[in-house]
Amino acid sequence: MFSLSIATFRERWQLFVGAILTVTLGVAIVQSSLLIVASAGGYGEAIAILGLALGVSAFLAIFIVSSTFAFTIAQRRRDLALLRLIGGSRGQVRRLLLSEALLLGVLGTVLGIPAGQIVLSAQTALLENLGFLPASFSAAWHGWILWVSLGLGIGVAQAGVLAASRRAARVRPLEALRETGAGAKVMTVSRWILGILLVVTGLTLMLVSTAVSNPNGAIPLSINAMVALALGLSALSPVIVPLIGRLTGTLAGSSTIGRLARANLRDGIRRNSSTAAPLLILVALLIGLAGTFATLSQGAHDQLTDDVRGDLVAAGPVAPLTPGVATASTEYPLMIKVTSVNQGDTETDEFPALAVDPATYQQAHQLPLIAGSYADLHGPTVAAAGGKLGSTVRIHVGDQDLNPRVVAVLPPTLNGGPEYLLPRDLVPPAALGPAQSIVRLQPGADPAAVARSLPQPVLTLDEWIAQSDSAQDSLNAGVMKVVMGLAALYAVIGVVNAVVIAAGERRREFAVARLTGFTRNQIIGTALLESTVVTVTGLLLGWLSAMAALIGISGVAGTMVIPWGAFWLTALGAFLVVGATSVWTSRSATRATPISLAGTRE
Amino acid sequence: MDMLQTQADTAVELRDVVREYGSGQARVRALDGVGIGFARGTWTAVMGPSGSGKSTLLHCAAGLERPTSGQVLLGDRDLAAASERDLTELRRKDIGFVFQSFNLVSSLTAEQNVALPLRLAGSKVSMTDVRAILTTVGLGDRLGHRPRELSGGQQQRVAIARAMITRPAVLFADEPTGALDSGAARTVLGLLRSMVDDAQQTIVMVTHDPAAAARADSVVFLRDGRIVDRLVRPSVREVADRLAALEA
Ligand SMILES: Nc1ncnc2c1ncn2[C@@H]1O[C@H](COP(=O)(O)OP(=O)(O)OP(=O)(O)O)[C@@H](O)[C@H]1O
Ligand SMILES: [Mg+2]
């Protein structure tokens with residue numbers, strides 16, 4: 001079986017290039033991310049970004065490998081049926097594909113390990129650049145990473161081939177005798193069921209997410225909603241692509257090219273959905289993630305604007321009787337450790353907190369409490385975002401261990417606001433961070449004059465809000481750059497791969513069309529028109545999936561931001577890549593004289 | 001159709017086989033109660049107009065397709081009720097195939113293609129045997145060629161060598177000479193003849209070509225899914241006339 005795999009590989013290597021590259025990339029990224037994570041103990045943001053990169057990489061790698069296999073197996077149905085015809089068992093067919101995937105995984109890993117070192121320096125430089133790692137950072141090499149990489153490369157390839165090999169094993173020997181290999185139905189019952197289940201799951205998760213009030217719950221829910229919907233729609237894309245093809249095809253009118261393109265869209269369902277799928281996933285990830293971040297920042301901005309009542313923010317304590325000042329809430333940001341006991345497991349985490357004077361704090365902040373009252377916030381007490389009124393929490397602040405009682409429940413914060421409010425006198429002075437004061441002016445006071453008398457620098461409230469926005473945005477921008485770059489890279493591999501595989505399959509079809517009187521340019525035009533429709537479909541379905549994430553998150557954010565800029569950029573890139581690839585492949589597929597190809601069998 | 005053979009020397013027997021395709025309005029009855037036995041060590045040609053059910057008959061007889069009703073007996077086993085595993089086992093040991101479109105694995109050399117059934121069956125592969133068989137079919141000097149480097153006639157001879165290597169009791173052939181010129185066709189038919197005469201194998205062959213049919217021991221004629229006639233050791237002329245009458 002293995003020698004047959006090698007022979008197939010040698011014969012049809014073009015089919016596997018994309019999948020090998022995908023595994024290479026996946027291994028390289030995971031290896032480099034893991035090495036950085038292993039050395040970056042204290043840099044939480046870097047670890048968070050790399051964690052996302054890891055997840056996205058593994059997901060996309062499995063997705064692309066599995067769609068490549070699904071596609072090539074559809075093309076090779078005749079060959080597989082032939083094996084069954086001359087005595088191959090179902091198990092042998094499956095083993096053949098698994099060992100092809102093994103070969104592919106090993107090749108990808110062998111390339112991926114050195115590539116990982118290149119990615120490592122690029123990733124380190126990027127993270128240093130974005131300020132998430134210190135300039136002197138360098139990740140240590142660990143021997144165990146080789147085993148992880150090998151396991152990952154082979155694991156991704158095997159996971160990718162699993163579903164396809166099970167389908168391949170059901171190929172009937174008789175199919176070896178059919179004229180065309182594409183006799184098999186694309187939309188199998190299990191594909192329908194899977195697609196519908198995933199779409200329903202996606203929509204359900206989206207609805208659940210809108211009802212969740214805590215961003216820590218809503219973010220993963222809505223991202224999962226998007227992923228489920230994207231996978232579901234890509235499973236159903238063989239039904240959707242021809243539908244959209246018929247709609248847009250009508251626009252192309254009854255020109256010869258338009259009519260041929262429309263017929264091809266109906267005919268090449270598998271090919272077209274294989275091209276649309278990676279695009280769909282790309283758009284969903286990009287727009288979904290970018291939109292989630294933008295929505296959360298906007299939500300945080302709105303929350304801050306709604307919450308804070310004041311005119312100026314000073315960088316230091318402000319005495320209540322300062323001339324021109326009506327009220328001033330002096331607040332000290334600090335980090336506290338909170339130990340929670342959960343069914344016997346104790347867990348200690350760091351949280352941002354504020355030490356405040358409850359009386360003035362109330363005047364500067366408007367968001368209503370969920371429960372309790374600021375009036376009780378004195379002595380060993382605390383206000384907490386989430387948590388239960390009346391319960392006690394174990395906190396460690398400065399060098400003291402305290403067990404304050406929760407007397408007020410704050411609304412959940414978006415994006416890193418304080419999770420706890422402590423009465424000022426509870427906190428040892430050494431633990432207090434640099435103070436800031438939210439100042440409300442007396443009616444008629446001159447803001448500039450008052451500002452001069454306050455601890456410098458003094459910002460207007462708008463300036464201060466804008467500053468806190470941009471701190472949040474730079475983190476988001478960093479995350480987006482890493483994830484966007486990754487997803488785009490995979491999508492390009494996936495799309496180019498699908499177009500190239502498809503064009504190889506179409507040599508004969510093109511030749512026959514030319515023999516019946518189409519010019520070469522008409523053929524290329526048709527291919528371009530088809531790929532445009534496919535691109536539109538991928539973009540549209542991806543956008544729909546992304547909307548699931550945005551609707552899901554809008555509940556907790558109280559607003560929704562659709563990142564149109566990123567969408568149009570992606571769309572432009574997609575049209576360019578798909579268009580250029582399909583012109584290039586259809587040109588090279590029509591280079592030979594038609595008669596030399598029309599007779600060849602697949 | 002009267003059965004001349006007794007049970008003991010029948011390699012394959014179809015009993016009242018019906019095969020329908022589609023359902024409702026679109027139902028097609030490709031075989032309509034076919035009963036026939038193929039005697040061991042004989043070569044039977046199956047002829048008939050296009051769409052008369054020849055390929056369907058062959059596929060049912062070979063266990064590639066399950067009849068809607070009726071029995072297909074190979075030895076004492078009923079293929080109509082056999083499990084997928086049994087059928088695989090059968091294809092490894094007892095039956096071989098040759099088709100119009102050769103059906104070779106394009107990535108393998110002639111030698112590897114011929115050895116493939118043995119590999120799949122997990123038996124020991126003797127390269128000497130493989131070469132000997134390829135030499136028998138006249139391709140002793142083409143062992144390392146891939147299918148695309150061979151002519152149609154040569155590819156078909158590789159396919160026959162592949163079917164011979166497991167010494168199957170029954171060989172099923174669907175228009176094996178359909179894509180060949182008359183010279184190549186003659187070589188292929190000669191090879192089939194010697195399988196029957198020298199190795200006592202049984203051949204069931206669908207063909208459109210009266211000259212090919214005349215090399216067989218007997219010819220059965222199908223029309224509309226039923227066996228309508230049978231000629232024993234006919235001349236090319238007789239076959240052609242009978243066929244013309246059916247197609248009229
Ligand atoms: N898979 C199928 N689905 C539906 N109908 C089928 C199928 N296979 C065969 N048929 C129908 O069954 C009938 C017999 O077909 P079959 O292929 O056996 O004919 P044939 O005698 O081999 O014809 P030819 O000489 O053209 O090869 C035809 O009417 C055909 O349309
Ligand atoms: Mg036929």
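Chain letters run A, B, ... following the sequence lines, proteins first and then strands; every chain starts at 1.
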For [X], which atoms come within 4.5 Å of any heavy atom of chain A: side chain, backbone, both, or neither?
X        : result
B:Ser55  : neither
B:Leu104 : backbone
B:Arg162 : side chain
B:Leu64  : both

Interface check, chain A: of B:Ser106, B:Gly122, B:Ala121, most non-hydrogen pairs under 4.5 Å belong to B:Ser106

Student check: side-chain heavy atoms of A:Arg84 and B:Glu84 closer than 4.5 Å
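A side-chain contact exists here, since the closest heavy-atom pair is under 4.5 Å.
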
Can you confirm whether B:Leu120 sits close enough to A:Gln92 that some side-chain heavy atom of one is under 4.5 Å from a side-chain heavy atom of the other?
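SC-SC contact between B:Leu120 and A:Gln92 confirmed.
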
Which atom of [X] lies closest to which atom of [Y], heavy atoms considered:
X       : Y        : result
B:Thr88 : A:Ser89  : CG2-CA, 3.6 Å
A:Arg78 : B:Asn103 : NH2-OD1, 3.6 Å
B:Arg91 : A:Leu85  : CD-O, 3.2 Å

Is it the backbone or the side chain of A:Ile86 that comes under 4.5 Å from a heavy atom of chain B, or both, or neither?
both

Side-chain donor/acceptor of B:Arg92 to backbone N/O of A:Gly88, under 3.5 Å:
no

Other residues, nucleotides and ligands only: do more than 12 of their heavy atoms fall within 6.0 Å of CZ on A:Arg191?
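Atom CZ in A:Arg191 is packed in, count exceeds 12.
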
